[in-house]
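Take a look at the structure below.
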Amino acid sequence: MAGSVPIARALSDIYTDDAVASQAKRWTNLVDKFQSIYGHRPEFVSRSPGRVNIIGEHIDYSLYSVLPMAITADALLAVSTDLSSVKGDTFKIQIANVQETRFPAHEFDTPYDAVEIDATVHEWTNYFKSGLRGALELLRKKHGANFKPKNMQILMDGTVPAGGGLSSSAAFVSASALAVMAANGERAVDKTELTELAIVSERAVGVNSGGMDQSASVFSERGSALFVSFTPSLKARAVHFPPTRPQLTFLIAQSFVTADKFVTGPIHYNLRVVECSLAAAYLNAALNPPSTPLPADAAPLGISLHGFHETFFALAEHASSATSSKTVPVQLEELIDLTTKTLTKEEGYTRDEIAAVLGVTVDELNTRFTSRFPVRAERFKLRQRALHVFGEALRVLRFMELLEDPAAHQQGSTEDTSEYNARLGGLLNDTQDSCHDAYECSCPEIDALCTIARRAGSYGSRLTGAGWGGCSVHLVPADKVDAVRAAWETEYYSELELTEEQREAAVVVSRPGGGSALYLVAEGSL
């Protein structure tokens, strides 16, 4: 799945067959509106999709593997470089949005040597700027420190709902970085390079993101989910679901509770990242020999629970002169047991308590773990966060085993596979329980959607994305889709004041979509 971002010449190269007709109208409107704003057609359109995470919630920034898939909803950036700068030491960015009343247009004269981003301001163009900054760093590595970027005119259109748990920010940042690369002559944009720069770039807007969202947005292929691993390096491979009877369908249901990672990060998303990093440091200090360093890695704060995992078992095998390693599932089960015995405080740990175990001052602890992104907490729930991460990492491996072990299902059989389907769904239900109880990232509305769906026939239901609102994902037999949708309408959506547009978008049947793409307008056929 490595290689370059594909160049599309027809929308059928990008979207599943059922989506092409509706997308054609949208893309035509994008190109026409670009011409009405800037006086000429765009040169190309950069596209990156949102994603739904099937399983592997809140473990990517601890560097454990995940299983997302891309969706149809996406971010589009129509781009032209037919623009002259008025100053010799800057380049010009003109950026507008199809939804101009919600997202006003801006114009920036940006110094060649700096892209300023004020992460304290929640401004929509910051997401473009973060992709711009990351892309320019890569371009300078390729072409030298004196590289001067081209001016750009941009019109953005996004259909991934903001705060919906489907990674609107990752789609926007990835599409922005791709657009900058393409505008500056890079037609063969490497998928791995794009993903890695998008992961780092999104952190510039104040979000300690992992790597799942960007990986799914860039690497995904139509018709398959994506197994993404982060160590020893970023890798992704397509994963196909076996035939089942009844056929399985993924439904995505919106809660209409907005969960903005930027706004609530200090008490929600960013705090969980800090808690996981602190848990890794605490377990390392408590269980490994004194002064054992954790390996520096690609996690947001430079160390991870995965790094502790590998260090702990490497030292244990060396000490015992073991001739063979334990399997990863066995290791994770052992870590769950050790965490339960080591991190005993259900109420959480104070800074003083953590600093004492790590052998540092509280000021040193704050500088290392809580200064990069703002967090607000008196106690840090290390036990619960570590138990969720190790347990969820184990569930991902068990889910993958069910998908890929021929003995786990009747490949090509006409027999009923309800028991197999229920085993897949059971793992999703276990994830939701852990997100609710241990990670505390669910909310009453998501809980209600999951309960209603299971009662109506869903095999498995859980939140997807950051949580605290947003969307839920449900593994539903095809013959129960109508029943689940009807139950939601009766028991949940009928209680909300929704517009007709919101009601139509509340529930979607999700089919695995393709990832990032460049569309050359002059060569394409809209």
Side-chain angles (χ1 to χ4, degrees), residues 1 3-35 41-52 54 68-79 97-99 154-161 164 166-168 170-172 174-175 178-179 182 187 189 191 216-226 238-241 247-254 471 473 478 481 485 500-526:
M1 301 186 73
S4 299
V5 172
I7 295 177
R9 289 173 172 79
L11 296 188
S12 57
D13 296 335
I14 299 174
Y15 297 105
T16 53
D17 293 342
D18 59 304
V20 170
S22 61
Q23 291 298 324
K25 296 178 183 178
R26 176 178 166 231
W27 281 60
T28 299
N29 177 67
L30 177 72
V31 171
D32 290 346
K33 193 170 184 67
F34 186 99
Q35 182 152 8
R41 287 163 64 85
E43 297 165 22
F44 65 87
V45 177
S46 167
R47 182 261 182 185
S48 287
R51 65 94 191 99
V52 61
I54 298 170
M69 66 181 186
I71 58 177
T72 299
D74 55 16
L76 304 179
L77 273 70
V79 178
N97 197 298
V98 168
Q99 300 180 58
I154 303 154
L155 178 62
M156 191 267 182
D157 182 19
T159 55
V160 188
L166 301 177
S167 297
S168 58
F172 191 3
S174 299
L178 177 59
R187 284 298 187 261
V189 179
K191 290 181 182 180
S217 190
V218 175
F219 279 106
S220 287
E221 295 180 357
R222 283 181 300 167
S224 65
L226 197 70
V239 176
H240 297 275
F241 278 70
Q247 182 180 348
L248 294 174
T249 301
F250 283 102
L251 293 185
I252 302 173
Q254 286 202 50
C471 286
V473 60
V481 168
R485 297 184 76 148
E500 189 61 33
E501 183 180 11
Q502 287 176 316
R503 195 170 293 278
E504 289 178 4
V507 181
V508 296
V509 177
S510 180
R511 295 178 176 85
S516 295
L518 282 172
Y519 181 92
L520 305 182
V521 174
E523 299 179 20
S525 56
L526 283 177

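Residue indices begin at 1 and follow the sequence shown.
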Please give me the minimum heavy-atom distance between [X] and [Y], naming the atom from each residue.
| X | Y | result |
| --- | --- | --- |
| V481 | L251 | CG1-CD2, 4.0 Å |
| V79 | A179 | CG2-CB, 3.9 Å |
| V521 | P42 | CB-O, 3.5 Å |
| S224 | H240 | CB-CE1, 3.5 Å |
| V160 | G50 | CG2-N, 3.8 Å |
| K191 | V218 | O-CG1, 3.7 Å |

**OP:** Output all residues satisfying salt bridge (Lys or Arg N to Asp or Glu O under 4.0 Å) with R511, sequence neighbours left out; order by chain, then residue number.
**Re:** D18
**OP:** Only counting residues at least two apart or in another chain, list the ones meeting salt bridge (Lys or Arg N to Asp or Glu O under 4.0 Å) with D17.
**Re:** none
Could you measure the distance from the [atom1] atom of [X] to the [atom2] atom of [Y]? Nearest 0.5 Å is fine.
| X | Y | atom1 | atom2 | value |
| --- | --- | --- | --- | --- |
| L76 | Y519 | CG | OH | 11.5 Å |
| I252 | C471 | CD1 | SG | 6.5 Å |
| Q23 | T16 | CD | OG1 | 9.0 Å |
| I71 | S510 | CD1 | OG | 6.5 Å |
| L518 | I14 | CG | CD1 | 9.0 Å |

Subject >> Pairing residues for V98 by the side chain to side chain contact (heavy atoms under 4.5 Å, CB included) criterion, not counting sequence neighbours >> reply: N29, L30, K33, L155, D157
Original post:
Which residues satisfy the side chain to side chain contact (heavy atoms under 4.5 Å, CB included) test with Q502, sequence neighbours excluded?
Top reply: F256, L498, T499
Original post:
Within a strict 4.5 Å, meaning less than it, do heavy atoms of the W27 and V45 side chains meet?
Top reply: yes
Original post:
Are any non-hydrogen side-chain atoms of L520 and R187 less than 4.5 angstrom apart?
Top reply: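 Counting from C-beta outward, L520 and R187 do come under 4.5 Å.
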Original post:
Looking at residues at least two apart in the chain, or sitting in another chain, which of them share a ring pair (Phe, Tyr, Trp, His ring centres under 6.0 Å) with F34?
Top reply: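 Listed in chain order: Y38, H40.
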**OP:** Decide side chain to side chain contact (heavy atoms under 4.5 Å, CB included) for V509 and R485; before the verdict, give the C-alpha distance in whole Å, the side-chain angles of both, and the deciding distance to 0.1 Å.
**Re:** CA-CA 10 Å; V509 177; R485 297 184 76 148; 4.0 Å; yes
Subject >> A19 backbone acceptor or donor facing S22 side chain under 3.5 Å >> reply: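 A pair under 3.5 Å: yes.
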Original post:
Between S516 (side chain) and S217 (backbone), is there a donor-acceptor pair under 3.5 Å?
Top reply: yes
**OP:** Among I54, L226, V473, find the one that has a side-chain contact (heavy atoms from CB on, under 4.5 Å) with M69.
**Re:** I54
**OP:** If a pair satisfies salt bridge (charged side-chain N to carboxylate O under 4.0 Å, His left out) and one of its residues is in residues 68-79, list it, with sequence neighbours excluded.
**Re:**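 Checked against salt bridge (charged side-chain N to carboxylate O under 4.0 Å, His left out) - neighbours excluded - the pairs reaching residues 68-79 are R26-D74, R47-D74.
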